[in-house]
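Any value given below was found using the heavy atoms of this structure, including those in side chains, with hydrogens, waters and symmetry copies removed. Letters go in sequence order (proteins before strands), and every chain restarts at 1.
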2 protein chains.
Amino acid sequence: MNTQSRRQREFEQRELLFVNAARDIIRSEGVSALTMDKIAELTEYAKGTVYKHFTCKEDILCALCLDSLGHMYDLFQRALTWEGCSREKIICIGVGYQLYTRRFPEEFDLLIAARTNNIREKASPERLERMDQVDSLVMNAIRAVIQLAIDKGDLTLKNNVLIDDLCFGLWSMSFGLLVLDHARDMISGLQLSPSDELMLTQMTNLLDGYQWHPLSSEQDYHGAYQRALEYLGTTQVKS
Amino acid sequence: MNTQSRRQREFEQRELLFVNAARDIIRSEGVSALTMDKIAELTEYAKGTVYKHFTCKEDILCALCLDSLGHMYDLFQRALTWEGCSREKIICIGVGYQLYTRRFPEEFDLLIAARTNNIREKASPERLERMDQVDSLVMNAIRAVIQLAIDKGDLTLKNNVLIDDLCFGLWSMSFGLLVLDHARDMISGLQLSPSDELMLTQMTNLLDGYQWHPLSSEQDYHGAYQRALEYLGTTQVKS
DNA sequence: TGAAAATATGACGAATCGTCACGCTTTGAC
DNA sequence: GTCAAAGCGTGACGATTCGTCATATTTTCA
């Protein structure tokens with residue numbers, strides 16, 4: 001009896017079809033132009049069918065986030081294979097995050113919105129749970145590098161600081177930086193270095209503060225940053 | 001001929017009335033429950049009158065942000081009067097930001113959303129411009145402290161790092177931290193220190209990385225953090 | 001006091017949401 | 001091959017909310 005599994009597979013394929021349609025609409029016309037009717041029309045299904053997959057509009061936005069989070073996860077996984085010291089690895093992850101926001105600017109917008117009650121109070125609990133799961137996976141990638149650094153003796157956490165605290169700090173810094181940089185042109189009268197340097201500078205200083213060795217005084221990380229960009233930049237996005 | 005100015009005053013008062021009504025609705029029923037009809041009903045005006053003030057729903061959301069940004073600015077101004085070394089001042093501003101997110105959690109949600117195209121592509125240009133202006137004011141508060149630190153010799157920027165780079169870094173770190181902390185319960189399986197310690201730890205390490213003196217090894221900032229909380233915590237929010 | 005200007009109103013058309021009763025397709029037993 | 005039952009897709013529909021605008025009301029000032 002593989003009818004069941006075939007049905008399931010077709011269902012998932014169609015879900016992806018809807019999600020991609022939503023992405024196309026948002027990319028070409030903006031989020032506010034996204035309607036359930038348009039998705040239905042574009043995919044040549046009826047609206048009722050779309051609602052078989054998503055409980056509401058916010059739910060499909062979350063599904064889109066979820067999909068793009070998968071791509072982010074892939075980038076992070078690849079970053080983990082980067083050859084280098086622990087600090088270079090964490091920089092590589094930061095680069096991955098940055099690349100993600102460049103490849104999926106619209107989805108990054110949504111990801112920000114999805115941290116907000118605005119969206120969450122409407123989306124389906126199931127979808128939110130799945131987003132949390134991917135969040136965890138992503139966090140684990142960062143945790144792994146921190147643990148590696150501790151094991152290698154590159155890093156010693158002081159004053160009851162927890163691994164997750166540093167993990168959260170790195171995530172916050174990158175997230176904040178990317179959100180604000182993403183909105184850079186909205187903030188007038190700001191005399192800033194280019195995005196790449198900005199990211200490296202802030203990470204460098206934060207990590208120096210944590211005494212994550214080798215310190216920037218002992219090793220220059222500009223080269224590593226550039227190489228990480230190239231390394232991940234050539235990564236194929238899985239279809 | 002002071003009819004004109006009286007009219008203007010009445011107009012502004014009514015705008016505030018609408019904004020506060022919007023805030024009340026959002027606080028008690030959530031953003032998605034906010035409708036123009038409800039605002040009209042609550043304030044006992046007709047919907048058309050509401051539309052004399054705001055071009056659309058997103059515009060009133062931005063107006064609400066703008067209002068709360070004013071409160072944030074007040075907190076920052078008060079933080080600048082804090083007696084202490086330059087590093088303590090910057091911590092005090094961080095505390096102000098944190099207090100802001102606690103006093104206006106709903107508005108902070110909106111502020112996040114307002115950095116996103118979702119909202120900005122609909123709100124009126126005038127309102128957006130005014131938001132940018134307040135953003136600049138806020139940035140200036142941070143800039144001022146950085147400049148002070150440089151003048152006093154507490155801080156020396158290296159490697160072509162600009163004042164605005166550090167300013168942006170501090171802002172990003174705090175913003176990211178607060179956004180993610182705001183959504184802390186959405187992120188499961190995270191073993192974190194309490195919010196206050198988290199904020200102080202991250203700022204401390206970032207500032208140490210920048211070699212902003214006195215370093216945390218030379219001076220303990222826990223006391224300053226606590227005092228800043230009390231100092232700003234007792235600040236009256238201007239009606 | 002009254003005409004003109006300014007302002008407020010809420011009924012209205014348009015857009016979109018999410019539902020659900022109906023009809024078509026697939027399935028699997030005979 | 002046939003048929004009943006189950007599963008699936010459909011799009012018309014009611015409900016909600018948006019934003020507008022012709023009309024009604026109020027204010028101004030000669």
Side-chain angles (χ1 to χ4, degrees), chain A residues 1-19 21-22 25-26 29-64 113 118-127, chain B residues 1-19 21-22 25-26 29-64 113 118-127:
Chain A
M1 182 70 69
N2 55 7
T3 301
Q4 200 70 0
S5 68
R6 199 208 68 216
R7 280 264 167 85
Q8 182 62 23
R9 207 171 52 240
E10 284 174 355
F11 188 84
E12 281 164 14
Q13 276 174 358
R14 196 170 55 186
E15 181 143 326
L16 197 57
L17 185 71
F18 289 145
V19 167
I25 295 169
I26 290 176
E29 303 173 63
V31 218
S32 49
L34 183 74
T35 69
M36 298 307 250
D37 288 285
K38 267 188 196 162
I39 294 173
E41 197 194 332
L42 201 63
T43 55
E44 297 180 309
Y45 280 94
K47 189 160 53 158
T49 308
V50 180
Y51 274 97
K52 284 281 194 301
H53 291 257
F54 311 101
T55 60
C56 63
K57 199 175 161 176
E58 283 69 26
D59 202 42
I60 204 170
L61 292 179
C62 285
L64 184 49
N118 216 338
I119 299 262
R120 295 185 79 95
E121 69 190 13
K122 288 198 195 166
S124 71
E126 293 75 21
R127 190 89 49 189
Chain B
M1 180 69 69
N2 57 4
T3 301
Q4 200 71 0
S5 69
R6 199 208 68 218
R7 280 263 167 88
Q8 182 63 23
R9 207 170 51 242
E10 284 174 353
F11 188 83
E12 281 163 13
Q13 276 174 357
R14 197 171 52 186
E15 181 142 327
L16 197 57
L17 185 71
F18 288 145
V19 167
I25 294 168
I26 290 177
E29 303 173 63
V31 221
S32 49
L34 183 75
T35 69
M36 298 307 250
D37 288 285
K38 265 188 196 162
I39 295 173
E41 197 193 332
L42 200 64
T43 54
E44 297 181 308
Y45 280 95
K47 189 159 55 158
T49 309
V50 180
Y51 274 97
K52 284 283 193 302
H53 291 256
F54 311 101
T55 59
C56 63
K57 201 176 161 177
E58 283 69 24
D59 202 42
I60 203 170
L61 291 180
C62 285
L64 184 51
N118 217 338
I119 299 261
R120 294 185 77 96
E121 68 189 13
K122 289 198 195 167
S124 70
E126 293 75 22
R127 190 88 50 188

Extract from the structure each pairing of a protein N or O with an N or O of nucleotides 14-16 of chain D at less than 3.5 Å, listing the distance.
none

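Residue A:Lys52 is in base contact, counting any heavy-atom pair closer than 4.0 Å across all strands shown.
Atom CD1 of B:Ile60 is separated from atom C1' of D:dG19 by 14 Å (rounded to the nearest Å). Atom CZ of B:Arg14 and atom C1' of D:dT26 are 13 Å apart (whole Å). For the pair A:Phe11 CZ and D:dG7 P, the computed distance is 15 Å after rounding to whole Å. One interatomic measurement links the two molecules: CZ of B:Phe54 to P of D:dG19, which rounds to 13 Å at whole-angstrom precision. Separating the CG atom of B:Leu34 from the C1' atom of D:dC18 is a distance of 12 Å, rounded to the nearest angstrom. Nucleotide D:dT17 holds its P atom 15 Å from the NZ atom of B:Lys122, rounded to whole Å. Atom OH of A:Tyr51 and atom C1' of C:dT19 are 9 Å apart (whole Å).
B:Ser32 and A:Glu121 get closest at one heavy-atom pair: OG-OE2, 2.6 Å. In terms of heavy atoms, B:Ile119 sits closest to B:Cys62 at CG2-SG, 3.7 Å.
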Between A:Ile60 and A:Thr55, does the side-chain contact (heavy atoms from CB on, under 4.5 Å) criterion hold? Intermediate values first, please. CA-CA 8 Å; A:Ile60 204 170; A:Thr55 60; over 6 Å; no
Test B:Glu29 against B:Lys38 for salt bridge (Lys or Arg N to Asp or Glu O under 4.0 Å), laying out the working first. CA-CA 11 Å; B:Glu29 303 173 63; B:Lys38 265 188 196 162; 3.0 Å; yes
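Atom CG of residue A:Asp59 and atom NE2 of residue A:His53 lie 11.5 Å apart, to the nearest 0.5 angstrom. Rounded to the nearest 0.5 Å, atoms CE (B:Met36) and NZ (B:Lys57) are 8.5 Å apart. The CD1 atom of A:Ile39 sits 4.5 Å away from atom CG of A:Leu34, with the distance rounded to the nearest 0.5 Å.
Toward the 5′ end of DNA chain C lies the nearest nucleotide of A:Ser32, the other residue of the pair A:Ser32 and A:Gly48 mapping further downstream.
Shown for residues 36-45 of chain A: residues whose heavy atoms fall under 4.0 angstrom of DNA chain C, namely A:Met36, A:Asp37.
Looking at A:Arg127 and A:Glu15, a side-chain N of the basic residue comes within less than 4.0 Å of a carboxylate O on the acidic one, giving a salt bridge.
Checked against D:dT28, C:dG18, D:dC18, the side chain of A:Lys47 finds its nearest nucleotide in C:dG18. Side-chain proximity of B:Arg7 to the nucleotides D:dT10, C:dA6, C:dG10 is greatest for C:dA6.
Taking the six-membered ring where tryptophan is involved, the planes of B:Tyr45 and B:Phe18 are perpendicular, since the angle between them exceeds 60° and thus also 30°.
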